[in-house]
J.: 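First, the structure itself, so that you have it in front of you.
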Amino acid sequence: MKLWVGITDSDWFQFCSEQKPDEVNFWQPSGEQAFKALQPGGLFLFKLHSPDNFIVGGGFFLRFTFLPARLAWEAFGQKNGVQSLSELLQRIRKYRRGEMEPNPTIGCSILTEPFYWPRERWIPIPTSWGKSIVRGKTYDSEHDEGRELFQQVHARLAATQSQGEQDVVRELDAPPAYGAEYLARARLGQGAFRVLVTDAYQRRCAITGEKTLPALDAAHIKPYSENGPHSVSNGLLLRSDWHRLYDGGYVTVTPEFRIEVSSRIREEFSNGRDYYAHHGSQLVVVPSDSWAMPSRQYLDWHNQNIYKT
């Protein structure tokens with residue numbers, strides 16, 4: 001297993017350890033340098049800034065993406081490790097140390113099943129850690145130092161009685177699953193669902209092709225309130241007006257990816273011409289990865305239970 005040890009500040013760690021969210025956005029203030037050290041499913045560990053040279057927790061890596069700060073806040077809220085959007089912007093400004101646009105783009109490493117240790121369980125950094133490292137370092141559990149680090153992480157998680165951390169132990173003990181295989185079965189939170197659906201549809205509305213990111217929503221095909229999962233195969237990226245119509249049953253998508261617009265729009269609201277223009281058309285954008293394609297099961301459910309015929 002590949003492990004990444006990423007550097008963060010104590011305020012971010014302390015806030016997350018108190019909140020104990022089901023997912024976190026480990027963000028970086030720069031919107032230029034992508035993170036490529038891990039595949040989805042890799043172990044992402046947290047190291048505090050010097051002089052606290054300890055590994056203090058971690059999580060499983062899902063996706064790296066670039067997002068405007070306001071959209072990162074809308075997707076993850078306090079799972080960004082801050083109390084408010086204004087605090088997030090203040091932190092970004094602090095690290096950029098200069099002029100900054102009102103809505104800067106930041107790098108976002110999305111992690112699931114995060115864990116946070118009390119001080120007595122912190123792990124000293126490996127001896128090879130260099131003072132010049134400013135972002136982080138990769139280790140491999142197939143090699144001596146990486147193997148020792150992995151074993152220390154496993155031992156600390158196994159020693160706890162926390163149900164969440166026991167789940168992480170089972171994840172570490174399971175056969176390796178990386179990349180698309182991990183994304184297909186990972187337990188996503190709401191923020192990760194939004195990011196993964198957005199990227200799966202190439203940041204374009206599935207029906208109209210609209211590219212204006214703030215106008216796009218990750219819609220559940222089977223609603224979360226009806227036990228629909230935060231799974232990419234249960235998602236569609238829709239322009240916000242189409243999202244409302246979809247949730248209201250005035251629009252549906254068939255298992256053949258054909259758009260249907262209910263006559264109830266005209267009957268109830270005496271309009272809808274722009275929407276009826278799409279009736280019978282195919283989705284203009286679908287995911288290129290098979291694991292992310294909308295599920296026939298969920299599309300059928302929406303047709304049978306939500307769509308107004």
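The model shown is predicted, which means the values in this text are computed figures rather than measured ones. Just so it is clear, the values below take in all heavy atoms, side chains as well, and ignore hydrogens, waters and symmetry mates.
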J.: When rounded to the nearest 0.5 angstrom, what is the spacing between CD in Gln83 and CD in Gln90?
T.: 12.0 Å
J.: Quick one: side chains of residues 35-64, donor-acceptor pairs under 3.5 Å with protein atoms, not counting sequence neighbours, listed by atom name and distance.
T.:
{"from": "Lys47", "atom 1": "NZ", "to": "Asn53", "atom 2": "OD1", "distance (Å)": "3.1"}

J.: In Å and rounded to the nearest 0.5 Å, what is the CZ to CG distance from Arg194 to Leu71?
T.: 6.0 Å
J.: Got a salt bridge between Glu256 and Arg296, using NZ or NE/NH1/NH2 to carboxylate O under 4.0 Å?
T.: yes
J.: Before accepting this row, confirm whether a basic side-chain N of the pair Arg147/Asp140 lies closer than 4.0 Å to the acidic partner's carboxylate O.
T.: no
J.: Donor-acceptor pair, distance only, cut-off 3.5 Å: does the side chain of Asp289 make one with the backbone of Ala292?
T.: no
J.: What's the spacing between Trp12 CH2 and Asn25 CG if we round to 0.5 Å?
T.: 8.5 Å
J.: Can you see whether Tyr139 has Lys2 sitting over its ring - NZ or CZ less than 6.0 Å from the centre and within 45° of the normal?
T.: no
J.: Inspect the contact between Arg204 and Glu210 and indicate whether a charged nitrogen and a carboxylate oxygen are less than 4.0 angstrom apart.
T.: no
J.: Between Val195 and Leu67, does the side chain to side chain contact (heavy atoms under 4.5 Å, CB included) criterion hold? Intermediate values first, please.
T.: CA-CA 9 Å; Val195 168; Leu67 289 175; 4.0 Å; yes
J.: Do Asn234 side-chain atoms and Tyr298 backbone N/O form a donor-acceptor pair below 3.5 Å?
T.: no
J.: Looking at CG of Leu236 and CG of Asp217, how far apart are the two atoms once the value is rounded to the nearest 0.5 Å?
T.: 11.5 Å
J.: Measure centre to centre between the rings of Tyr307 and His302, then say whether the value is under 6.0 Å.
T.: no
J.: Quick one: CG on Leu183 to OG on Ser233, what's the gap to the nearest 0.5 Å?
T.: 11.5 Å
J.: Where do His220 and Phe193 land on the ring pair (Phe, Tyr, Trp, His ring centres under 6.0 Å) test, with the steps shown first?
T.: CA-CA 9 Å; His220 288 83; Phe193 171 79; 4.1 Å; yes
J.: With a 3.5 Å distance limit and no angle check, can you tell me whether Glu145 reaches the backbone of Ser128 through a side-chain donor-acceptor pair?
T.: yes
J.: Do the charged groups of Glu87 and Arg91 touch, with an N to O distance under 4.0 Å?
T.: yes
J.: Under the side chain to side chain donor-acceptor pair (under 3.5 Å) test against Asp241, which residue among Arg244, His243, Arg239 passes?
T.: Arg239
J.: Counting distance only, does the side-chain N/O of Gln152 pair as donor-acceptor with the main-chain N or O of Ile123 below 3.5 Å?
T.: no
J.: Does the side chain to side chain donor-acceptor pair (under 3.5 Å) test come out yes or no for Thr65 and Arg203, once each step is laid out?
T.: CA-CA 11 Å; Thr65 193; Arg203 303 190 172 198; 2.6 Å; yes
J.: Mark yes or no for whether Tyr276, through its side chain, and Ser262, through its backbone, hold a donor-acceptor pair below 3.5 Å.
T.: yes
J.: Assess, by modelled atom type and distance only, whether the side chains of Arg135 and Ser30 contain a donor and an acceptor separated by less than 3.5 Å.
T.: no
J.: Does OH in Tyr224 sit with more than 12 non-hydrogen atoms of other residues, nucleotides or ligands closer than 6.0 Å?
T.: no
J.: Backbone N or O of Gly136 within a donor-acceptor pair of the Trp4 side chain at under 3.5 Å?
T.: no
J.: As an exercise, state the distance from CZ of Phe115 to NZ of Lys20, rounded to the nearest 0.5 Å.
T.: 13.5 Å
J.: Given the rule in the side chain to side chain contact (heavy atoms under 4.5 Å, CB included) test, do Asp9 and Phe13 qualify, once you have shown the distances and angles that lead to the verdict?
T.: CA-CA 7 Å; Asp9 62 57; Phe13 172 75; over 6 Å; no
J.: Between Val24 and Phe76, does a side chain to side chain contact (heavy atoms under 4.5 Å, CB included) hold up when you go through it step by step?
T.: CA-CA 7 Å; Val24 292; Phe76 293 98; over 6 Å; no
J.: Could you go step by step and tell me if Glu260 and Val251 meet the side chain to side chain contact (heavy atoms under 4.5 Å, CB included) rule?
T.: CA-CA 6 Å; Glu260 293 192 357; Val251 172; over 6 Å; no
J.: CD of Glu32: more than 12 outside heavy atoms within 6.0 angstrom?
T.: no
J.: Return yes if a side-chain donor-acceptor contact under 3.5 Å exists between Glu268 and Tyr250, otherwise no.
T.: yes
J.: Heavy atoms only: give me the nearest Leu299-Tyr246 pair and the separation to one decimal.
T.: CD2-OH, 4.2 Å
J.: Check for a donor-acceptor pair, side chain of Thr208 on one end and backbone N or O of Cys205 on the other, with a separation under 3.5 Å.
T.: no
